[in-house]
**Q** 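Got a structure for you, written out below as structure tokens; questions coming shortly.
All figures in this text were calculated on a predicted structure; none of them were measured in a lab. Letters A, B, ... are given to chains in the order of the sequence lines, protein chains preceding strands, and every chain is numbered from 1.
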Amino acid sequence: MNSVRTRFAPSPTGFLHIGSLRTALYAYALAKHEKGDFILRIEDTDQKREVKGSTEAIQDTLKKFSLDWDEFYVQSERLELYKNAAEKLVKDGHAFYCDCKARNAKEEGFSNTLRDPCHDKNLTSGAIKLKVPDGKTVSYHDFVHKKEISWNTNTVYDATLLKTDGFPTYHLAAVVDDLEMKISHILRGHDWLPSTPIHLLVFEYLGGKRPEIGHLTDILSAETGKKLSKRRDSVFAEEFLKQGYLPEALLNFIMLLGWAPKDNRELYTLPEFVENFDINGFQEANPRFLQDKLDWFNGHYIREMSDKELLKLLKPFVPKNAGEEKLKEVVPLIKDRIKKLSDFDSLAGYIFKKTDEIKPLAFTPEYIAHISAATLALIEIKPSNWSLPTITQSLGTVVEKNNFKTSDFYMDLRGTISGSKFTPPLNETLVPIGSAATIARLERGLGENKK
RNA sequence: GGCCCUAUCGUCUAGUGGCCUAGGACACGGGGUUUUCAGCCCUGUAACCUGGGUUCGAAUCCCAGUGGGGUCACCA
């Protein structure tokens with residue numbers, strides 16, 4: 001049996017990053033395309049950086065995107081495994097104890113001291129570090145880059161494997177787990193590429209079948225051209241959801257940042273992506289995160305939804321006083337016009353506002369004539385008869401009788417009713433606004449523009 | 001700075017020596033539908049980083065340069 005098993009291995013230091021979501025998506029598709037297993041592994045080996053609740057938050061987010069895992073592990077519950085592995089490496093002469101003070105690269109700047117002072121001291125306690133050999137070439141075939149990548153070990157430093165607090169570093173824990181969990185493909189961020197020779201050595205010394213390894217491109221900020229960062233860019237998947245991006249749109253957008261099929265197809269649901277996934281489709285150069293394209297995907301998926309579904313998703317973005325019945329009328333009017341769910345308010349919020357919350361806008365010199373004629377006509381419609389056909393009929397007659405220019409007439413009406421230049425078709429929105437509120441808004445507009 | 005990855009329209013990309021006068025999508029421009037804005041339809045502008053090779057032939061192969069990105073912790 002050589003089933004495909006992939007893993008997504010975040011550390012619990014906060015919310016799920018958009019780049020991590022993409023890594024998870026690819027790892028998921030890679031496994032599921034071959035009917036394999038997708039494993040979630042929490043890499044919580046740095047107690048200082050751990051943020052409480054992030055494991056749950058990450059799981060929560062993955063579920064929202066339907067990236068369900070088959071197995072779940074937490075590294076801090078597996079410390080014995082790493083300790084044993086480290087001690088075995090020492091016994092085999094591939095690692096050594098070290099009692100030096102921990103150094104901090106950020107304080108010291110670039111460092112050329114690759115070999116640790118304790119490299120050959122044969123100490124019996126302290127941290128355990130990898131005994132990197134000199135002048136050896138280590139290499140592997142990267143399945144993302146589709147090429148052999150190699151290093152001379154003279155450029156590899158004696159990395160720490162087991163810390164003095166008894167916890168492993170990533171270099172040890174990840175390798176031990178990938179072996180123990182029988183991971184078939186390691187798919188991870190590009191930032192891991194430089195430390196791969198360390199892992200290659202550990203894999204070799206520990207023995208067993210080394211997984212295939214692939215390093216994904218970094219997603220670059222469209223503005224800075226640098227790797228997306230928490231400080232500068234909005235990077236958390238949850239942030240996008242909160243803004244009214246749909247999970248399927250975000251997923252579709254992100255799957256095409258760094259991967260493309262032969263036929264260049266762009267629209268994929270998650271199951272379709274899994275089905276069409278091809279490991280040769282990975283891109284080698286770093287893509288930029290351009291929000292315009294995300295917006296297009298989002299608009300596309302919004303338009304594909306039924307009004308009923310959309311209404312449901314819109315709930316968190318809609319004014320509190322908006323009743324179900326009115327919303328049902330409004331949803332089809334905004335469906336073609338919004339890019340994100342949060343656009344609802346700027347586009348249709350006026351429908352639900354009080355008269356004095358709207359600042360009437362006048363657009364043409366004929367304003368007074370337009371609005372008074374409209375008011376007189378609409379007052380004639382009995383509230384019980386207030387409907388699209390009666391409104392359309394009534395206003396149509398006004399335009400015709402007064403020889404108004406249709407577009408001018410409606411622009412003044414629009415400005416008065418909505419306080420905005422852009423709205424859904426006006427007659428349609430007058431229905432949910434209602435007879436009384438419509439008349440009130442028109443009268444207010446007249447009052448404000450009389451003098 | 002060392003090491004590593006990388007280079008097709010503004011952006012995401014197709015392209016694996018002749019199907020390329022370089023294709024698609026987003027964005028942008030023009031037109032149509034239209035009470036505004038969208039949406040939809042039609043349509044246009046726009047790219048092979050540079051220099052050397054290899055070859056009858058190069059976006060595709062090789063080398064160099066340049067540009068871009070990453071990384072250099074008892075963090076992941």
**Q** Heavy atoms under 4.0 Å, any strand shown: does A:Ile149 hit a base, just sugar-phosphate, or nothing?
**A** sugar-phosphate
**Q** Considering only B:U35, B:U71, B:A76, which nucleotide approaches the side chain of A:Lys227 most closely?
**A** B:U71
**Q** Which nucleotide sits closest to the side chain of A:Lys163: B:C74, B:G70, B:G39?
**A** B:C74
**Q** Tell me whether the OP1 or OP2 atom of B:C37 has a side-chain N or O from A:Lys421 closer than 4.0 Å.
**A** no
**Q** Rounded off to whole Å, could you give me the CH2-to-P distance for the A:Trp192 and B:A76 pair?
**A** 7 Å
**Q** Can you tell me, in whole Å, how much space there is between the P of B:G52 and that of B:A58?
**A** 13 Å
**Q** For atom C1', what is the distance between B:U6 and B:A25, given to the nearest Å?
**A** 23 Å
**Q** Check whether the side chain of A:Thr164 and the base of B:C74 form a donor-acceptor pair under 3.5 Å.
**A** yes
**Q** For B:A47 versus B:C28, give the span between their C1' atoms, rounded off to a whole number of Å.
**A** 16 Å
**Q** Expressed in angstrom and rounded to an integer, what is the separation of A:Met411 atom CE from B:U36 atom C1'?
**A** 5 Å
**Q** Give A:Ala285 one of three labels, base, sugar-phosphate or nothing, depending on what nucleic acid heavy atoms sit under 4.0 Å from its own.
**A** sugar-phosphate
**Q** State which of B:U71, B:C5, B:U35 makes the closest approach to the side chain of A:Arg414.
**A** B:U35
**Q** Expressed in whole Å, how much space separates the P atoms belonging to B:A73 and B:C48?
**A** 40 Å
**Q** Rounding to an integer number of angstrom, what distance separates B:C20 and B:U8 when you compare their C1' atoms?
**A** 12 Å
**Q** What is the per-nucleotide protein-contact pattern of nucleotides 23-34 of chain B, from the 5' end, where B denotes a base atom under 4.0 Å from a protein heavy atom, S denotes such proximity for sugar-phosphate atoms only, and - denotes neither?
**A** BBBSS-------
**Q** Figure out the CG/P separation between A:Leu341 and B:A38, and round it to whole Å.
**A** 20 Å
**Q** Expressed as a whole number of Å, how far does the P atom of B:U16 sit from that of B:U60?
**A** 13 Å
**Q** Does the protein touch nucleotides 43-51 of chain B at the base, only the backbone, or not at all? Give it as B, S and - per nucleotide, heavy atoms under 4.0 Å.
**A** ---------
**Q** Heavy atoms under 4.0 Å, any strand shown: does A:Lys405 hit a base, just sugar-phosphate, or nothing?
**A** nothing
**Q** Quick one: which of B:C12, B:G69, B:U36 gets closest to the side chain of A:Asn286?
**A** B:G69
**Q** Check the orientation of A:Phe240 and A:Phe289. Use parallel for under 30°, tilted for 30 to 60°, and perpendicular for over 60°.
**A** tilted
**Q** Taking the same atom, C1', in B:U45 and in B:G31, what whole-Å distance lies between them?
**A** 15 Å
**Q** Answer with base, sugar-phosphate or nothing: what part of the nucleic acid does A:Thr45 contact at a heavy-atom distance below 4.0 Å?
**A** sugar-phosphate
**Q** Does the side chain of A:Lys335 get closer than 4.0 angstrom to OP1 or OP2 of B:G39 through an N or O atom?
**A** no
**Q** Taking only the C1' atom of each, what is the distance from B:C61 to B:G18 in whole angstrom?
**A** 15 Å
**Q** For A:Asp345, which residues count as a side-chain contact (heavy atoms from CB on, under 4.5 Å) partner, sequence neighbours excluded?
**A** A:Pro319
**Q** Identify which nucleotide among B:U35, B:C12, B:C5 has an atom closest to any side-chain atom of A:Ser407, counting heavy atoms from C-beta outward.
**A** B:U35
**Q** With a 4.0 Å limit, can you tell me whether A:Gln283 has a side-chain N or O closer than that to the phosphate oxygens OP1/OP2 of B:A14?
**A** yes
